[in-house]
2 protein chains.
Amino acid sequence: MESGPDAAVLARSEPAEITDKRLLRGAKTRHTVLRYAVDIASLDGLDGLSFGRLATDSGLSKAGIQTLFKTKEALQLAAIDYARDMFADAVVEPTRSEPHGVARFRALVASWLAYAETPLFAGGCFWVANVPEQDSRPGPLRDALMRDRQAWMRILERELRHAVTEGEIAEVDPELTAFQIDAVLWATNTALRIGDDNAMPRAWRVVDSFLTSP
Amino acid sequence: MESGPDAAVLARSEPAEITDKRLLRGAKTRHTVLRYAVDIASLDGLDGLSFGRLATDSGLSKAGIQTLFKTKEALQLAAIDYARDMFADAVVEPTRSEPHGVARFRALVASWLAYAETPLFAGGCFWVANVPEQDSRPGPLRDALMRDRQAWMRILERELRHAVTEGEIAEVDPELTAFQIDAVLWATNTALRIGDDNAMPRAWRVVDSFLTSP
């Protein structure tokens, strides 16, 4: 092979390719670790997350995981972001085909209840499991969890507002109703965990009670 | 001192007296330990309870605490019972002076909100903190926590039923309404933890919306 500009490019591209592979391997490891992390955090809370536990569960080396995330807090924050993305993909995205208003609102509730019943995370809702653990502790973990909670409630609120504005349902306060229905979804998550057969019909009775004809 | 029946009583009573003192000391230590235990469990969950942590927090010896409670599970169950007694004394008992129906119901809600706002336990509501941790794990801890939850909801339900029967409020399903209001109290506990100024007025707006004139 000749020496010259092309060779120089090739020479540069070889290490670059290795770096790409390393990045790819890093991204894949990150994905694997975080998939285990969100399950652990949904079962035992973000406090239960440790490099050691993750190494045991995933079969990856503790040192490798530590290199990837540096600190426990960075790992916990990454787990929250990962859980939020999984939630958005599994619960919110599939409802986008429904028109705004009652149809989208009911689809969101159905989607959330399906998410609580056949858990996306091993321990049921990630936020139900972690908000109570973190809510007495100001800091980035609590902020990240509450940001996700607020975003979810704004989504419910928007559809309720649309339903009221379009005359689909009788007047309700969208913010207060979203708060109440969200509270009932949380209670339903617990009821499902303990095997309460009445959990689902009860949740729908509450939801329907807010969606009355105008 | 003569020998005889009296002496025999005295002879028996001396060790008995020592035992009483020991029992008393044991009961006092138990009380001290459990007071720390419920605070720890309200902040970090029942999982966060350990003989070591309790020894550090209370200044008592780890061996002494271990002798008293034997196992971690026995300690956790004792903490739940202790929290339930504290809750009954602080939240339910003071409402007994109110007549059954709307008055008692509102007193119970006010009492619960005061309990969440100026926490009886360091981390806010003991059950809000622990039910999500335990609800995926069948066993005596979960059973004890759910027994307390059910008892509280039955208390709310009873007063709502009375209010409906006596024509104090418009017809509601007492069980479903108790479930909804309890769900809102839980959500309010979290809102109070994160310093949401709207938490209290919002909770009362929801409660009032169920207590309408017949």
Side-chain angles (χ1 to χ4, degrees), chain A residues 39 42-45 47-48 119 121-138 142-143 145-147 149-150 153 172-173 175-196 198-199 201-210, chain B residues 39 42-45 47-48 116 119 121-138 142-143 145-147 149-150 153 172-173 175-196 198-199 201-203 205-210:
Chain A
D39 277 345
S42 76
L43 281 167
D44 299 323
D47 279 356
F121 308 104
C125 177
F126 183 88
W127 292 267
V128 172
N130 284 294
V131 168
E133 182 186 274
Q134 298 296 331
D135 66 6
S136 303
R137 310 178 197 162
R142 186 173 89 168
D143 292 347
L145 290 167
M146 297 317 294
R147 170 206 65 197
R149 300 267 309 115
Q150 287 302 319
M153 285 212 264
V172 292
D173 178 323
E175 192 182 342
L176 195 65
T177 305
F179 167 76
Q180 285 184 75
I181 287 180
D182 179 68
V184 163
L185 293 180
W186 276 46
T188 302
N189 179 77
T190 298
L192 289 169
R193 296 274 83 64
I194 62 164
D196 179 347
N198 196 25
R202 189 173 48 211
W204 280 112
R205 275 184 68 198
V206 173
V207 171
D208 287 338
S209 75
F210 287 103
Chain B
D39 277 345
S42 77
L43 282 166
D44 299 324
D47 280 356
F121 308 105
C125 176
F126 183 87
W127 291 267
V128 173
N130 284 294
V131 167
E133 181 185 275
Q134 298 296 331
D135 65 7
S136 303
R137 309 178 197 162
R142 185 172 90 168
D143 291 347
L145 290 168
M146 296 318 293
R147 170 206 64 197
R149 300 268 309 113
Q150 286 302 319
M153 284 213 265
V172 292
D173 178 323
E175 192 182 342
L176 194 65
T177 305
F179 168 76
Q180 285 184 77
I181 287 180
D182 179 68
V184 162
L185 294 179
W186 276 46
T188 302
N189 179 78
T190 298
L192 288 168
R193 296 275 82 64
I194 63 164
D196 178 347
N198 196 26
R202 188 173 49 210
R205 275 184 67 200
V206 173
V207 171
D208 288 339
S209 75
F210 287 103

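In the text below, chain A, chain B and the rest are named by the order of the sequence lines, each starting its count at 1.
- With a threshold of 4.5 angstrom between heavy atoms, Arg142(A) approaches chain B through side-chain atoms but not through N, CA, C or O.
- Atom CZ of residue Phe179(B) and atom CG of residue Asn198(A) lie 8.5 Å apart, to the nearest 0.5 angstrom.
- Put simply, CG on Asp44(A) and OG on Ser136(B) are 8.5 Å apart, with the number rounded to the nearest 0.5 Å.
- Within the 4.5 angstrom heavy-atom criterion, no atom of Asn130(A) approaches chain B.
- Counting heavy-atom pairs closer than 4.5 Å to chain B, the top residue among Met146(A), Arg137(A), Arg205(A) is Arg205(A).
- In this structure, chain B has heavy atoms under 4.5 Å from both the backbone and the side chain of Val184(A).
- Partners of Asp208(B) according to the side chain to side chain contact (heavy atoms under 4.5 Å, CB included) rule, which considers only residues two or more places apart in sequence or in another chain, are Arg106(B), Trp204(B).
- Ile194(A) touches chain B through backbone and side chain together, each having a heavy atom under 4.5 Å away.
- Note on Ala187(A), Cys125(A), Ala129(A), Ala183(A): by heavy-atom pairs under 4.5 Å with chain B, the leading option is Ala183(A).
- Across all non-hydrogen atoms, the minimal contact from Val206(A) to Gln180(B) is CG1-OE1, 3.3 Å.
- Options Leu176(B), Thr177(B), Ile181(B) differ in how many heavy-atom pairs under 4.5 Å they form with chain A, and the most are formed by Leu176(B).
- Between Asp135(B) atom CG and Asp196(A) atom CG the span is 12.0 Å, to the nearest 0.5 Å.
- Residue pairs that meet the salt bridge (charged side-chain N to carboxylate O under 4.0 Å, His left out) test with at least one member in residues 178-194 of chain A, sequence neighbours left out, are Arg149(A)-Asp182(A).
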